[in-house]
Undergrad: 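Before I ask anything, here is the structure I am working with.
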Amino acid sequence: MNYWLFKSEPDCFGIDDLKEMKIEHWDGTRNYQVRNMMRDDIKKGDMVLFYHSNAKKQTGVVGTCQVVREGYPDFTAMDPASEHPDPKHTEEKPIWYMVDVKFKSKFKNPVLLSTIKETPRLDGNRLTQKGNRLSVFPMEKKHYEAIVKMGE
DNA sequence: GCCAACGTTGGC
DNA sequence: GCCAACGTTGGC
């Protein structure tokens, strides 16, 4: 089993939205590195930290979810009314991929970015690496488990 | 709103 | 293939 961190802006789609919907597709990623992970690497059963980025209140990890469907074409790319339409993406030749995730938990204590930076046992995680702007990336098991422990 | 650090685009 | 210009992300 692998572990990941997914970023989302809470104004757009937050942990409470996922909690309500229970299962939702993680659409809208338009970055090739992320696309490759969505298509090839993220497997059913993998665990995901849900991260709120650009948050007015609290920027940090706010809960967890689990992958319930592996990579398939992001149909929102074909919808001109969607957030990120891409005319090059077609049914025959999809470019963008997404996975489905299922809500697992909302943290009692969100693990803030500032806390993650200050916690020595989280050293080396990708979130706080300089220049990392990917909205999806792998987490080491020990970091995943440490963050869940802190959150709950 | 600012800006650093990318990623993407397109002319050549 | 190079690289300048531009767009985006996301913390602050």
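To find a chain, count down the sequence lines: A is the first, B the second, and so on, and within it residues start at 1.
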Undergrad: Starting from P on dT9(C), measure out to CG on Asp11(A) and report it in whole angstrom.
TA: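 The answer, rounded to whole Å, is 14 Å.
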
Undergrad: Give me the one residue out of Asn125(A), Val111(A), Thr64(A), Leu127(A) that meets side chain to side chain contact (heavy atoms under 4.5 Å, CB included) with Leu49(A).
TA: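 Exactly one candidate clears the test, Thr64(A).
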
Undergrad: Just the rounded figure in Å: distance from C1' of dG1(B) to CG of Asn54(A).
TA: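 About 13 Å, once rounded to whole Å.
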
Undergrad: Using the ring pair (Phe, Tyr, Trp, His ring centres under 6.0 Å) definition, which of the options Phe50(A), Phe13(A), Trp26(A) pairs with Phe6(A)?
TA: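 Among the candidates, only Trp26(A) passes.
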
Undergrad: Where do Pro110(A) and Gln58(A) come nearest, in terms of heavy atoms and distance?
TA: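 Heavy atoms only, the tightest pair is CG-OE1, 3.6 Å.
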
Undergrad: Can you check the Gln129(A) CD to dG11(C) C1' distance for me, whole Å?
TA: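 Rounding to the nearest Å, CD of Gln129(A) and C1' of dG11(C) are 16 Å apart.
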
Undergrad: Can you measure Lys7(A) atom NZ to dT8(C) atom P for me and round it to whole angstrom units?
TA: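 It is 17 Å, rounded to the nearest whole Å.
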
Undergrad: Go through residues 106-128 of chain A and report each residue with a non-hydrogen atom lying under 4.0 Å from DNA chain B, sorted by number.
TA: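 Contacting residues: none.
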
Undergrad: Please tell me whether Thr29(A) and Asn31(A) have a donor and an acceptor in their side chains that are separated by less than 3.5 angstrom.
TA: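 There is no such pair between these side chains.
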
Undergrad: Just the rounded figure in Å: distance from P of dT9(B) to OH of Tyr32(A).
TA: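 Whole-Å distance recorded here is 6 Å.
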
Undergrad: Check the distance between dT8(C)'s P and Arg30(A)'s CZ and give it to me in whole angstrom.
TA: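 Nearest whole value for this atom pair: 13 Å.
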
Undergrad: May I ask you to say what Gln33(A) touches in the nucleic acid, namely base, sugar-phosphate or nothing, with a heavy-atom cut-off under 4.0 Å?
TA: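 The residue Gln33(A) makes sugar-phosphate contact but no base contact.
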
Undergrad: Looking at Tyr51(A), does any N or O in its side chain come under 4.0 Å of the phosphate oxygens OP1/OP2 on dG11(C)?
TA: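 Yes, within the criterion.
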
Undergrad: Side-chain heavy atoms nearer than 4.5 Å, only ILVMFWY residues, links allowed to pass through others: does that put Leu134(A) and Val101(A) together?
TA: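 Linked, Leu134(A) and Val101(A) end up in one cluster.
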
Undergrad: Enumerate, atom names and distances included, each donor-acceptor pair closer than 3.5 Å involving a side-chain atom of residues 140-152 of chain A, sequence neighbours excluded.
TA:
{"unit_1": "His143(A)", "atom_1": "NE2", "unit_2": "Asp123(A)", "atom_2": "O", "d": "3.2"}
{"unit_1": "Glu152(A)", "atom_1": "OE2", "unit_2": "Ser105(A)", "atom_2": "OG", "d": "3.4"}

Undergrad: Can you pull out the residues from residues 130-139 of chain A that lie within a 4.0 Å heavy-atom distance of DNA chain B?
TA: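 Only Lys130(A), Gly131(A), Arg133(A) qualify.
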
Undergrad: Under a 3.5 Å cutoff, is there a donor and acceptor pairing between the side chains of Trp4(A) and Asp46(A)?
TA: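 There is such a pair between these side chains.
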
Undergrad: dT9(C) P sits how many Å from Asn31(A) CG, rounded?
TA: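 In whole Å, dT9(C) P lies 9 Å from Asn31(A) CG.
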
Undergrad: Rounded to the nearest angstrom, tell me the gap between atom NE2 in His84(A) and atom P in dG7(C).
TA: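 Rounding to the nearest Å, NE2 of His84(A) and P of dG7(C) are 16 Å apart.
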
Undergrad: Looking only at non-hydrogen atoms, find the nearest pair between Asp16(A) and Lys106(A) and report the distance.
TA: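 In terms of heavy atoms, the two residues are closest at OD1-NZ, 2.8 Å.
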
Undergrad: Answer with yes or no whether the side chains of Asp100(A) and Tyr72(A) bring together a donor and an acceptor at under 3.5 Å.
TA: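 The criterion, which ignores hydrogens and geometry beyond distance, is satisfied for Asp100(A) and Tyr72(A).
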
